[in-house]
There are 2 protein chains.
Amino acid sequence: MLSSKAKYAVRAALQVAEAGGGSDWVQVAEIARREAISRKFLEAILVRLRDEGLLESRRGAQGGYRLARPAQDISVADVIRSIDGPLALTPCASRTRYGQCQDCVEVSRCRLQPLMQQARDAVAEVLERCSLATLIAAPGTLSLHA
Amino acid sequence: MLSSKAKYAVRAALQVAEAGGGSDWVQVAEIARREAISRKFLEAILVRLRDEGLLESRRGAQGGYRLARPAQDISVADVIRSIDGPLALTPCASRTRYGQCQDCVEVSRCRLQPLMQQARDAVAEVLERCSLATLIAAPGTLSLHA
DNA sequence: CTGTTTTCCTACTGCTCTGGTAGGAATTAG
DNA sequence: CTAATTCCTACCAGAGCAGTAGGAAAACAG
């Protein structure tokens, strides 16, 4: 399950992407209002997305956030990973942050790992293919390749 | 990420399936030894799998656990869901335990839900297709349809 | 240069979940 | 009856989650 932080993050990223084609600065308070999220809580989320290189920020009056890259170059997977970490079900199946499972005796002989990698590939395929632009463009197109 | 409980559960289920073709009673202590899991901890896991209908148990001397169904009729998804709950990334995308997300304002207009369902379908496809029998049979066959 | 807007940083809190541990009751085989 | 084994209840420490609070730092407007 995703954390609510991650869900908020995707929604917030969509708001940023939509405002002025993603090139205008959008304020936290504005996003918070539109998505009905606590402003303070949202702040922490956006700072994280900025630290991960998905957003840019500017302080002060008329400041705010905007996308660091075009909307079609930011996938939903990027956003989720920035907040919740790897998509994989086990550390040993993660490509972005591979690590050995502590409870696994020997990775090379693990019977689950190949399966876990398949599962990771399957979910990554879906979430990496879908960019913020895709999500904005058409609610209809998504169901097409389902 | 899976809990370590869920990973132990899959390994334990494999041990049960392997012993005597799944029809003999296997003791907790035996599984704990072979998989290097705390016996008491494993007990809780197996009780859960039994409650969910995947295993049968018998108390007393010569007691233990065995599969409630043939190994090819128990999927890895079944085991994982028994311990960790739904595979879906959001409640609103779960088929086995559908529920509305609290933080979601209106489900019918949620822009994430279709995508989350795709992700769920993708991971479920992999984990439901793979049974305990599949995992036991061949480490090689798995990588074939990757 | 002053005030206003807005992000940014640090710290705190209450709650639930995770990963166990402990002790003993109930049941079954021999 | 005795030994083996599951089953039940309770407990515990640490981590993570979902926020909340207060103010410092920066940028712009005038």
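Throughout, a chain's letter reflects where its sequence line sits, starting with A, and its residues are numbered from 1. Not measured: the values here are computed from a predicted model.
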Give the rounded distance in Å between these two atoms: [atom1] of [X] and [atom2] of [N].
{"X": "B/Ile31", "N": "D/dT5", "atom1": "CD1", "atom2": "C1'", "result": "13 Å"}
{"X": "B/Lys5", "N": "C/dT21", "atom1": "NZ", "atom2": "C1'", "result": "12 Å"}
{"X": "A/Tyr65", "N": "C/dT5", "atom1": "OH", "atom2": "P", "result": "19 Å"}
{"X": "B/Ile45", "N": "C/dT18", "atom1": "CD1", "atom2": "P", "result": "12 Å"}
{"X": "B/Gln102", "N": "D/dG19", "atom1": "CD", "atom2": "C1'", "result": "14 Å"}
{"X": "B/Phe41", "N": "D/dC7", "atom1": "CZ", "atom2": "P", "result": "17 Å"}
{"X": "B/Ile37", "N": "C/dT21", "atom1": "CD1", "atom2": "P", "result": "12 Å"}
{"X": "B/Lys7", "N": "C/dT18", "atom1": "NZ", "atom2": "P", "result": "13 Å"}

Review point. Going only through I, L, V, M, F, W and Y residues with side-chain contacts under 4.5 Å, is there a path from B/Trp25 to B/Ile31?
Key: no

Using a cut-off of strictly less than 4.0 Å, decide whether [X] has a side-chain nitrogen or oxygen near OP1 or OP2 of [N].
{"X": "B/Tyr8", "N": "C/dT18", "answer": "no"}
{"X": "B/Ser3", "N": "C/dT18", "answer": "no"}
{"X": "A/Ser38", "N": "D/dA18", "answer": "no"}

Heavy-atom closest pair (B/Arg120 atom, B/Ser94 atom, distance to 0.1 Å) is CD-CA, 4.2 Å

Correct closest heavy-atom pair for B/Tyr65 and B/Val16 would be O-CG1, 4.0 Å

Problem - Pair A/Asp103, B/Ser4: side-chain N/O donor-acceptor within cut-off below 3.5 Å - result: no

Within residues 81-97 of chain A, those residues having any heavy atom closer than 4.0 Å to DNA chain C are none

Give a yes or no on whether the backbone of A/Gly63 and the side-chain of A/Gln27 come within a donor-acceptor separation of less than 3.5 Å. yes

So, B/Glu43 side chain and B/Val28 main chain: donor-acceptor pair closer than 3.5 Å or not? no

Inset, instruction - Would you mind checking if B/Arg81 and B/Glu128 are paired as a salt bridge, meaning a charged N to carboxylate O distance below 4.0 Å? - result: yes

Closer than 4.0 angstrom, basic N to acidic O: yes or no for A/Lys7 and A/Asp84?
no

What nucleic acid atoms does B/Arg50 come within less than 4.0 Å of, heavy atoms only: base, sugar-phosphate, or nothing?
-> sugar-phosphate

Each nucleotide of nucleotides 22-30 of chain C classed B (base within 4.0 Å of a protein heavy atom), S (only sugar-phosphate) or -, in 5' to 3' order, makes -BB-BBBS-

Taking C/dC9, C/dT7, D/dT6 as options, the one with an atom nearest any side-chain atom of A/Gln27 is C/dT7

Sorted by chain and residue number, the salt bridge (charged side-chain N to carboxylate O under 4.0 Å, His left out) partners of A/Glu18 (sequence neighbours excluded) come out as B/Arg111

